[in-house]
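Shown below is the structure under consideration.
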Amino acid sequence: MPELPEVETVARGLQRAIAGRRIVSVTLGKTDFIDDPALMERKLPGKRIVLVERYGKFLLIRFEAGSTAEDADSALLVHLGMTGMLLPQTTVEMPRKHTHVVMLLDDGRELRYVDPRRFGRVAYLAGEKLHNELKRFGVDPLEARLKEFIAGIRSRKTRIKALLLDQSVIRGVGNIYADESLWRAKVHPARLGRNLGERELTEVYRALQSVLRKAILHRGSSISDFLDAEGMPGEYQLHHRAYGREGKRCFRCGMVIRRVIVAGRSSYHCPKCQAPPREAARKRKTPKGRLSASKVRKSAKIRKSRQG
DNA sequence: CTCGATCCCTGGACGC
DNA sequence: TGCGTCCAGGGATCGA
């Protein structure tokens with residue numbers, strides 16, 4: 001599941017592998033995760049890749065400025081979703097199953113986008129549109145100063161876990177690194193961000209940066225299927241202290257790690273080290289009778305989307 | 001404004 | 001072995 005460290009790893013690998021190459025042609029498979037497939041097919045051929053960088057959880061493949069103003073400052077924006085992979089491969093290598101975008105490069109290799117679940121997103125954007133897209137996001141956690149981080153957390157009234165995951169507040173953090181950071185900072189995921197003291201917020205900030213940096217050094221976490229640009233899995237999953245460790249013992253105090261749902265996401269934490277909030281012993285209410293009704297609605301929606 | 005719930009998708013785990 | 005069911009999760013969207 002590509003979050004900041006995984007995307008950073010892919011960006012570095014791609015920068016080494018394809019910077020300077022020119023795109024010769026584009027072949028698309030399924031396109032339901034592409035913003036404007038026709039535009040992409042029209043604009044990419046001939047473009048030279050000058051830089052591959054990370055922006056939050058996005059990869060930005062930046063192109064050489066074209067002759068027209070419209071083509072200045074253009075990029076391919078790629079979000080890997082849950083299972084996306086960008087692999088530079090030779091044409092003799094069999095494309096993996098679920099390869100949906102193939103970009104032929106001028107050295108004969110292909111840059112292939114593979115995404116079984118198609119939770120990702122691909123968009124060709126230029127000029128103002130690119131600019132507007134990027135400014136929707138909050139601060140980069142590795143670049144933000146403590147003051148900016150705290151201002152971001154205090155900007156909204158919700159739980160710390162939800163704040164860390166909110167890309168418009170902080171860009172790049174997902175479920176794994178949110179849990180890992182909160183465990184290290186000894187802060188319960190359901191605490192309200194507003195109720196965290198200066199000291200606690202400082203701890204979260206430091207833990208977040210430390211965890212992200214270490215994870216980048218280990219080339220990210222491969223839980224099920226993350227692969228970097230060289231097709232290699234990361235190793236940071238071997239260093240997880242909270243995420244995915246339900247029922248196992250806390251490395252700090254020996255208490256059993258628990259999983260609760262916060263902000264709609266599995267949240268692994270140590271119930272002893274990470275004291276639960278006093279503020280809101282709020283219980284989620286999910287009437288069981290709704291189940292059948294929602295399933296009825298689900299099938300109706302699927303039918304509708306297939307038509308339109 | 002802010003919240004939770006729901007949905008998208010596929011493969012892997014699990015139960016029988 | 002094979003089938004059905006559940007779950008993972010980021011982000012868009014919607015109704016409360």
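Letters A, B, ... mirror the listed sequences (proteins, then strands); counts begin at 1. The figures here come from the full heavy-atom set of this structure, side chains too, leaving out hydrogens, waters and symmetry mates. Nothing here was measured: the structure is a model prediction, and the numbers come from that model.
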If we ignore angles and hydrogens, is there a donor and acceptor under 3.5 Å between the side chains of A:Arg219 and A:Thr9?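 No pair is found: no donor N or O on one side chain lies under 3.5 Å from an acceptor on the other.
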What's the CE-P distance between A:Met82 and B:dC9, to the nearest Å?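 Taking atom P of B:dC9 as the reference, CE of A:Met82 is at 15 Å.
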Centroid distance under 5.5 Å and plane angle under 30°, A:Phe119 vs C:dG11: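 Here A:Phe119 fails the 5.5 Å or the 30° condition.
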Among C:dA8, B:dC9, C:dG11, the nucleotide that comes nearest once only the side chain of A:His79 is considered: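 For the A:His79 side chain, the nearest candidate turns out to be C:dG11.
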Counting only non-hydrogen atoms, which of residues 161-173 of chain A are less than 4.0 Å from DNA chain C?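 Residues of residues 161-173 of chain A that come under 4.0 Å of DNA chain C are, in numerical order, A:Gln167.
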Exercise answer: donor-acceptor pairs, residues 53-61 of chain A side-chain atoms, under 3.5 Å, sequence neighbours excluded:
from, atom 1, to, atom 2, distance (Å)
A:Glu53, OE2, A:Arg62, NE, 2.5
A:Glu53, OE2, A:Arg62, NH2, 3.3
A:Arg54, NE, A:Glu8, OE1, 2.8
A:Arg54, NH1, A:Gly56, O, 3.4
A:Arg54, NH1, A:Asp140, OD2, 3.1
A:Arg54, NH2, A:Asp140, OD2, 2.9
A:Tyr55, OH, A:Leu134, O, 2.6
A:Lys57, NZ, A:Val173, O, 3.3

Using a cut-off of strictly less than 4.0 Å, decide whether A:Arg159 has a side-chain nitrogen or oxygen near OP1 or OP2 of B:dC3.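 No.
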How close or far is atom C1' of C:dG10 from atom CG of A:Asp115, stated in whole angstroms?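 To the nearest whole Å, that distance equals 12 Å.
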Looking at B:dT10, I'd like to know if its phosphate oxygens (OP1 or OP2) sit under 4.0 Å from a side-chain N or O belonging to A:Lys97.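 No, A:Lys97 has no side-chain N/O under 4.0 Å of OP1/OP2 on B:dT10.
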Would you mind telling me which residue lines up with the more 5' stretch of DNA chain B, A:Arg194 or A:Gly264, judged by nearest nucleotide?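 Nearest-nucleotide comparison on DNA chain B picks A:Arg194.
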Are OP1 or OP2 of B:dC3 and a side-chain N or O of A:Thr158 less than 4.0 angstrom apart?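 For A:Thr158, the contact criterion (side-chain N or O under 4.0 Å from OP1 or OP2 of B:dC3) is met.
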Rounded distance (Å) that lies between atom P of C:dA12 and atom NZ of A:Lys57: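 A:Lys57 atom NZ is separated from C:dA12 atom P by 11 Å.
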Quick one: A:His98 NE2 to B:dC9 C1', roughly how many Å, whole number?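 Going from NE2 in A:His98 over to C1' in B:dC9 covers 10 Å.
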Is a donor from one side chain sitting under 3.5 angstrom from an acceptor on the other, for A:Glu6 and A:Tyr177?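 Note: A:Glu6 and A:Tyr177 side chains meet the donor-acceptor criterion.
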OP1 or OP2 of B:dC8 under 4.0 Å from side-chain N/O of A:Arg117: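 A:Arg117 to B:dC8 OP1/OP2: no side-chain N or O under 4.0 Å.
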Spacing of A:Asp35 atom CG relative to C:dA12 atom P, expressed in whole Å: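 Those two atoms, CG and P, are 10 Å apart.
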A side-chain contact here means heavy atoms from C-beta on lying under 4.5 Å apart; do A:Pro88 and A:Leu14 qualify?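 Of all side-chain heavy-atom pairs linking A:Leu14 with A:Pro88, at least one is under 4.5 Å.
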Tell me every residue that passes side-chain hydrogen bond (donor to acceptor under 3.5 Å, both in side chains) with A:Ser168, counting only those two or more places apart in sequence or in another chain.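 A:Ser168: side-chain hydrogen bond (donor to acceptor under 3.5 Å, both in side chains) contacts with A:Asp166.
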Between A:Tyr205 and A:Phe149, how do the two ring planes meet: parallel, tilted or perpendicular, split at 30° and 60°?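 If you compare the ring of A:Tyr205 with that of A:Phe149, the planes turn out tilted.
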Donor-acceptor pair, side chain of A:Asp115 and main chain of A:Gly120, under 3.5 angstrom: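 Indeed, once roles are kept as given, a pair shorter than 3.5 Å links the two residues.
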Go through B:dG4, C:dA8, B:dT2 for me and flag the one nearest to the A:Arg156 side chain.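 The closest nucleotide is B:dT2.
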Between atom CG in A:Leu192 and atom C1' in B:dT2, what is the gap in whole Å?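 Rounded to whole Å, this separation is 12 Å.
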Can you check whether A:Arg136 has a side-chain N or O nearer than 4.0 Å to OP1 or OP2 of C:dA12?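 Yes, because at least one side-chain N or O of A:Arg136 sits under 4.0 Å from OP1 or OP2 of C:dA12.
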Please work out if A:Arg259 contacts a base, only the sugar-phosphate, or nothing of the nucleic acid, heavy-atom cut-off 4.0 Å.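 Touches sugar-phosphate only.
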Residue mapping more 5' on DNA chain B - nearest nucleotide basis, A:Lys157 or A:Arg265: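 Its nucleotide being nearer the 5' end, the pick is A:Lys157.
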Rounded to the Å, how far apart are A:Ile261 CD1 and B:dG4 P?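 Roughly 12 Å, once rounded to whole Å.
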Send over the distance from A:Tyr268 OH to C:dG9 C1', rounded to a whole Å.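 After rounding, the reported distance stands at 11 Å.
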Would you indicate whether the side-chain heavy atoms of A:Leu165 and A:Ile170 approach each other to under 4.5 Å?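 No - every pair of side-chain heavy atoms lies 4.5 Å or more apart.
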Ignoring hydrogens and geometry beyond distance, is the side chain of A:Arg121 in donor-acceptor contact with the base of C:dG10 at under 3.5 Å?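 Side chain to base: no pair below 3.5 Å.
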Check salt bridge (Lys or Arg N to Asp or Glu O under 4.0 Å) between A:Glu180 and all other residues, then give those that pass, not counting sequence neighbours.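 Counting only residues at least two positions away or on another chain, A:Glu180 forms a salt bridge (Lys or Arg N to Asp or Glu O under 4.0 Å) with A:Arg184.
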Angle of first-five versus last-five pair axes in the helix from B:dT2-C:dA16 to B:dC16-C:dG2, to 10 degrees: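 Computed from the C1' atoms at both ends, the axes differ by 50°.
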For residues 95-111 of chain A, which residue pairs qualify under salt bridge (Lys or Arg N to Asp or Glu O under 4.0 Å), counting only residues two or more places apart or in two chains?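 Those involving residues 95-111 of chain A are A:Arg21-A:Asp106, A:Arg21-A:Asp107, A:Asp107-A:Arg109, A:Glu110-A:Arg112.
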